[in-house]
Q: 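Supplied in structure tokens, the structure appears directly below.
Fair warning: this is a prediction, and the values are worked out from it, not measured in the lab. Nothing fancy with the numbering, it's 1 onward along the sequence. In listed order, ligands and their atoms are each counted from 1.
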Amino acid sequence: MSECILEGRGLTRRYRRPDGRTLTACHRVGLQLFPGETLGVVGESGCGKSTLVRMLAQLERPDEGELLFRGEEITGLKGEALRRYRPHVQMVFQDPAGAFFPRMRVWDAVTEPLRNFQPLSRAQRREQAARLLERVELPADFLDRYPHSMSGGQRQRLGIARALALEPEVLLCDEATSALDVSTQAQLVELLVSLQKKQNLSILFVCHDLALVQSLSHRMIVMYLGTVVESLPSAHLAADALHPYTRALLEAVFSLHTPPDKAVAPLSGEVPSPIHRPRGCPFHTRCPHCMEHCAQEEPPTISVAPGHTVACHLYSGTSRSEGE
Ligand code: SF4
């Protein structure tokens with residue numbers, strides 16, 4: 001496989017709460033993103049997906065772990081070095097309505113990132129804005145509109161256009177389609193796939209919709225309570241997923257072909273609080289296969305097949321730990 005473009009190793013992020021307690025949003029998260037691929041990140045609300053994205057975008061610093069871009073460590077970048085990193089990795093935010101300053105017209109909003117990196121005249125920025133709108137299939141006569149006069153799908157296209165303004169190699173999409181209706185979601189996904197093919201973009205696509213992530217991504221990681229519990233090629237998800245949490249997510253997916261009388265087996269047990277992370281396996285309070293030592297020992301991440309890892313004691317004897 002080609003050189004990894006963005007890599008996280010053991011990324012951990014904790015927040016100190018006003019009451020003195022500590023919330024662990026991400027716990028030793030590792031991932032690799034390769035050129036031209038889409039890596040899906042899936043998990044329930046509150047599982048640490050957005051915190052992970054913010055660390056990758058260098059909007060937050062990890063408390064532990066390392067970030068690498070094209071093999072070079074970038075974890076502690078500051079000042080000018082951090083500014084030079086920013087154009088390479090750009091974000092598309094979840095809320096297209098809140099992502100733009102309401103008094104900026106479209107041409108100004110979409111080229112706002114250029115102000116920090118290229119001294120362009122107003123006319124040059126308008127030209128650049130028109131090119132960006134064309135890339136996301138928005139008409140040029142939107143240039144003088146305000147974002148609030150556009151539909152949710154159009155605003156999200158605008159968000160993608162703004163993220164593309166600096167010609168990034170990596171797009172971090174944090175629940176970028178979650179606020180949209182299903183048909184608009186599908187159009188946005190088509191646009192992302194087409195942009196990826198044209199520009200060899202690497203995309204990290206974060207979403208709680210397992211079916212959507214699976215359809216869009218080449219590989220995916222599954223997070224639970226701030227931890228990556230499984231990673232595997234998306235095409236193998238339904239047949240090969242092993243972790244009891246991934247299997248439970250798959251069981252809960254509805255489709256047009258789901259028989260109306262199909263029994264849905266929701267996970268029982270409480271979702272633990274990230275303020276009180278359980279010892280051992282983070283999933284042991286809800287796992288139907290929980291064994292005695294699951295509550296004591298954190299399962300190592302095991303490689304079970306090429307490109308497929310799982311963190312579960314059920315498979316601890318099947319192969320080697322990652323990093324061995
Ligand atoms: Fe379930 Fe134990 Fe595996 Fe955790 S380690 S998922 S509790 S079997």
Q: Checking the side chain of Lys198 only, and the main-chain atoms of Val193 only, is there a donor and an acceptor separated by less than 3.5 Å?
A: no

Q: What residue and atom, counting heavy atoms only, is the protein's closest point to atom 1 (Fe) of ligand 1, and at what distance?
A: Cys287 SG, 2.3 Å

Q: Between His276 and Ser273, is there a donor-acceptor pair closer than 3.5 Å when you use the side chain of the first and the backbone of the second?
A: no

Q: Please state whether His243 comes within less than 4.0 angstrom of ligand 1, counting heavy atoms only.
A: yes

Q: Within ligand 1, which atoms have a heavy atom of Pro244 less than 4.0 Å away?
A: 6 (S)

Q: Tell me, please, if Cys294 has any N/O/S atom, main chain or side chain, under 2.8 Å from atom 2 (Fe) of ligand 1?
A: yes

Q: Taking Arg28 for its side chain and Leu11 for its backbone only, find out whether a donor-acceptor pair lies under 3.5 Å.
A: no

Q: What atoms of ligand 1 come closer than 4.0 angstrom to any heavy atom of His284?
A: 7 (S)

Q: From atom 3 (Fe) of ligand 1 out to just under 2.8 Å, does an N/O/S atom of Cys312 turn up?
A: yes

Q: Any donor and acceptor pair, going by atom type alone, linking the side chain of Arg14 with main-chain N or O of Asp63 inside 3.5 Å?
A: no

Q: For Glu169 and Arg70, what are the C-alpha separation, side-chain angles and deciding distance, and is it a salt bridge (Lys or Arg N to Asp or Glu O under 4.0 Å)?
A: CA-CA 11 Å; Glu169 290 128 291; Arg70 293 202 178 283; 3.1 Å; yes

Q: Do the side chains of Leu201 and Leu132 join up, straight or via other hydrophobic residues, at under 4.5 Å, putting them in one cluster?
A: yes

Q: So which atom in Val213 and which in Cys207 form the shortest heavy-atom distance, rounded to 0.1 Å?
A: CG2-CB, 3.4 Å

Q: Can you tell me the protein heavy atom closest to atom 5 (S) of ligand 1 and the distance?
A: His313 N, 3.2 Å

Q: How close does the nearest protein non-hydrogen atom get to atom 4 (Fe) of ligand 1, and which residue and atom is it?
A: Cys281 SG, 2.3 Å

Q: Pull out every atom of ligand 1 sitting under 4.0 Å from any heavy atom of Leu314, numbered as shown with elements.
A: 8 (S)

